[in-house]
Amino acid sequence: MDLLGAVGGDDDGDDKEKEEEAERERQEAIREAEERRKEKHRKMEEEREKMRQEIRDKYNIKKKEEIQEIQQEEPNPLMRKKKTPEELEREANAEEEDEFTKLKNTIETQVSELKSTIESKCVLQ
């Protein structure tokens, strides 16, 4: 019986090695098939792009990427990012502060003009 168990144990080791080898071969075959598929699709896309470019050249059409670059230079006010309520509130506060600053400056200039006018009319002896 010990001989059968020993022989059976060796078979299990050989079977595991064979299974591991088969799995490695299967994984390699899958990887190679995937590489072939990617290469095939890359070539097809190159051919499509070549045909697209010929059509663009024939009809004098700009490529989408070129059009997007032009649009980025000239932003469309209708397509701008919407502002959050916090941003709108900050802008309103900044405008109010700006108005207050303008008002303050005009009052200060008027006061200084009045002061100089009064000083010129009232001459101390």
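Nothing fancy with the numbering, it's 1 onward along the sequence.
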message = Please identify which of these residues, K50, R42, K43, meets the salt bridge (charged side-chain N to carboxylate O under 4.0 Å, His left out) condition with E46.
response =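 Result: among K50, R42, K43, R42 is the only option passing the salt bridge (charged side-chain N to carboxylate O under 4.0 Å, His left out) with E46.
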inquiry  = Regarding R56 and Q53, do their side chains bring together a donor and an acceptor under 3.5 Å, going by distance alone?
reply    = yes
message = The test is side chain to side chain contact (heavy atoms under 4.5 Å, CB included); show your working for K40 and M44 and say whether it passes.
response = CA-CA 6 Å; K40 176 184 170 187; M44 285 175 26; 4.1 Å; yes
Separation between [atom1] of [X] and [atom2] of [Y], rounded to the nearest 0.5 Å:
{"X": "R90", "Y": "T84", "atom1": "CZ", "atom2": "OG1", "value": "6.0 Å"}
{"X": "Q110", "Y": "N105", "atom1": "CD", "atom2": "CG", "value": "11.5 Å"}
{"X": "T109", "Y": "L114", "atom1": "OG1", "atom2": "CG", "value": "9.5 Å"}

key: Ion pair K18/E21, N-O distance below 4.0 Å   = no
Residues R31, E35: salt bridge by 4.0 Å N-O rule = yes
task = Tell me, yes or no, whether the heavy-atom count around E49 atom CD, taken from other residues, nucleotides or ligands under 6.0 Å, exceeds 12.
result = yes
ask   = With a cut-off of 6.0 Å (strictly less than), are more than 12 heavy atoms of other residues, nucleotides or ligands near CE of M51?
value =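 At most 12 heavy atoms, drawn from other residues, nucleotides or ligands, come within 6.0 Å of this atom.
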inquiry  = For a 4.5 angstrom cut-off between non-hydrogen side-chain atoms, does E28 reach R24?
reply    =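 Of all side-chain heavy-atom pairs linking R24 with E28, none is under 4.5 Å.
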query = Side chains of H41 and E45: does their closest heavy-atom pair fall under 4.5 Å?
reply =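 No. Closest side-chain heavy atoms not under 4.5 Å.
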